[in-house]
Amino acid sequence: MMEIGYACLTVGVQGTDFRTCTRKNASNEKLVELIEHNLDSLETIVDYNIKNKIRLFRITSDLIPFGSSPVNQLPWQDLFMSRFARIGERLKAGNLRVSMHPGQYTVLNSPDVTVVERAVDDLIYHANLLDALETGTESKIVLHIGGVYGDKEQAIRRFCENYKKLDSSIKQRLIIENDDRNYSIDDVLRIGNEMGIPVVFDNLHHRVNPTKAETEEKELTESEWIDLAGETWRPQDGRQKLHYSQQEPGKRSGSHSETIRIDAFLEYYSAIKEKPVDVMLEVKDKNLSAVKCRNLISEEREIGRLELEWSRYKYLILERSPAAYEAIRALLKDKSAYPAKNFYRILEETMQIQPEAGHAVNAAQHVWGYFKDQATEQERLGYLKLIDSYREGKTSSAPVKRYLWKMTEKYRQPYLQDSLYFFL
DNA sequence: CACCGTCAAGTCGCA
DNA sequence: TGCGACTTGACGGTG
């Protein structure tokens, strides 16, 4: 079964934020506090992923602030050994595959040796983190090749030489990806094949930075490039990984979209569904698109999965379109069906609408209904004041939603606590 | 509590 | 040689 994953952060999941600090505030005490907090968040994300059947996930490089910098001298692996072990066990129990992806500033092929040293330190940090979680060699570290420096062949040679010097704990996890600027998929495949490094095909990078015409007799299809990348993967690497993203309309070429559009995704999926691959989504709404795509291709076809989604999106839909709200209610009536495509199509279309004030007030009233019997008189007046101010066009709906979120937390309404109404 | 400049990283194009 | 743009989310100070 192909797994769909997302990168680093979640949207609309409480207790999953990652914190850091500036260099000058990075005392040992501060760092310990931040790491503890971030490990709590990671654990919450892992639990969320298990609950939502998301079995592919990228761990943020910011988990340990200044993890590869002399600023952080803490023996964090030892200090938090039991925390790492616990999360690692949960990853195993949930059959989760995790990966990491050092940023664009980790450059292994720089002509500046100090830059390379820092890149190696950063790779060591990433490998140490995955070791602490006791993940296997199918748990990958994704890296770009780096800069060109006016001489691509020389730059590639430098990458290969520096790769050879890496510790095997890094080598057995390192994989390489085509980027949107310098190294196209044919470049990366050449390096991968020569050095025995698995290659990740990124569809959007490929679109922005396709192979040069003179290097290929005829341009290959995405599916063919994916097959060529697949040949670089060995059994110990686990399933071949792909990066998938969509262009955000109107933004700089290569910008990741806000959400994954269903139709383009399903078209992509039809080309890869028979291949033994895992797909990492790179998209702003993170887990939301991962759950959506998983549900779209799920063979389990449990309507309960859609009902759970509906519980999170419903007030967002209600404030945009009562008609769409009713349409989805009707769609989910038949408990023997699994109308995932229609469900998400209506969601997708409706979410593009700007809420009208009347509908937004209606949705807010629905939410307020959860509290109206328990709320104090003062809270009732506070709510009324905000909703009137919104109705008269004096403010946006943001203060209303903030207020309702505060109430949700105070009165612990679990149904609302998971609602995306407050976060999208 | 909203707002916005700053941070942190390395490369590259342009004065 | 040096500077700004590029990127990203959160910090951290101001109003």
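Everything numeric in this text was worked out from a predicted model, so none of it was measured. By convention in this document, chain letters (A, B, ...) are assigned in the order of the sequence lines, proteins followed by strands, and residues within each chain are numbered from 1.
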Could you state the [atom1]-[atom2] distance from [X] to [N], rounded to the nearest angstrom?
X        : N      : atom1 : atom2 : answer
A:Asp180 : C:dA5  : CG    : C1'   : 14 Å
A:Lys284 : C:dT8  : NZ    : C1'   : 9 Å
A:Phe66  : C:dA10 : CZ    : C1'   : 11 Å
A:Leu63  : C:dG9  : CG    : P     : 17 Å
A:Gln104 : C:dG9  : CD    : P     : 12 Å
A:Arg58  : C:dG9  : CZ    : P     : 12 Å

*Picking from A:Leu174, A:Val98, A:Asp237, A:Asp278, what satisfies side chain to side chain contact (heavy atoms under 4.5 Å, CB included) with A:Lys140?*
A:Asp237

*Heavy atoms under 4.0 Å, any strand shown: does A:Gly147 hit a base, just sugar-phosphate, or nothing?*
sugar-phosphate

*Base, sugar-phosphate, or nothing for A:Ser110, non-hydrogen atoms under 4.0 angstrom?*
sugar-phosphate

*Going by the side-chain hydrogen bond (donor to acceptor under 3.5 Å, both in side chains) test, which pairs reach into residues 121-132 of chain A, not counting sequence neighbours?*
A:Ser61-A:His126, A:Ser68-A:Asp122, A:Thr106-A:Asp122, A:Asp131-A:Arg173

_Contacting residues from residues 111-121 of chain A, given that a heavy atom lies under 4.0 angstrom of DNA chain B_ = A:Val115, A:Arg118

*Could you name each residue pair satisfying salt bridge (Lys or Arg N to Asp or Glu O under 4.0 Å) that touches residues 358-369 of chain A, not counting sequence neighbours?*
none

*Not counting sequence neighbours, list each pair that qualifies as a salt bridge (Lys or Arg N to Asp or Glu O under 4.0 Å) and has a residue in residues 3-18 of chain A.*
A:Glu3-A:Arg55

*Heavy atoms, side chains only, cut-off 4.5 Å: are A:Tyr383 and A:Tyr403 in contact?*
yes

*Going by heavy atoms in the side chains, are A:Asn203 and A:Trp225 under 4.5 Å from each other?*
no

Enumerate the protein-to-nucleotides 12-14 of chain C contacts in which both atoms are nitrogen or oxygen and the separation is below 3.5 Å.
| residue | atom | partner | partner atom | Å |
| --- | --- | --- | --- | --- |
| C:dG12 | OP1 | A:Thr22 | N | 3.4 |
| C:dG12 | OP1 | A:Thr22 | OG1 | 2.9 |
| C:dG12 | OP1 | A:Asn25 | ND2 | 2.2 |

*For A:Tyr183, which residues count as a ring-ring contact (aromatic ring centres under 6.0 Å, His included) partner, sequence neighbours excluded?*
none

*Could you tell me which residues satisfy ring-ring contact (aromatic ring centres under 6.0 Å, His included) with A:Phe423, sequence neighbours excluded, listed by chain and number?*
A:Trp405

_Outermost DNA chain B nucleotides near chain A [under 4.0 Å, heavy atoms]_ = B:dA2 to B:dC12

*Under the side-chain contact (heavy atoms from CB on, under 4.5 Å) rule, collect the residues that match up with A:Ala7, sequence neighbours excluded.*
A:Arg58, A:Lys286

_Greater than 12 external heavy atoms within 6.0 Å of A:Lys406's NZ_ = no

_Over all atoms of both residues, closest heavy-atom pair of A:Met407 and A:Trp368_ = CE-CZ3, 3.6 Å

*Does A:Lys406 or A:Val148 map to a spot on DNA chain B nearer the 5' end, using the closest nucleotide for each?*
A:Lys406

*For A:Arg380, all residues meeting salt bridge (charged side-chain N to carboxylate O under 4.0 Å, His left out), sequence neighbours excluded*: A:Glu377

*Which angle, to the nearest 10 degrees, lies between the helix axes at the two ends of the helix from B:dC1-C:dG15 to B:dA15-C:dT1, each defined by five pairs?*
70°

*asked:* Under the ring pair (Phe, Tyr, Trp, His ring centres under 6.0 Å) definition, can you give me all pairs with a residue in residues 52-72 of chain A, not counting sequence neighbours?
replied: A:Tyr6-A:Phe57

*asked:* Under a 3.5 Å threshold, yes or no: a donor from one side chain and an acceptor from the other, between A:Lys314 and A:Tyr415?
replied: yes

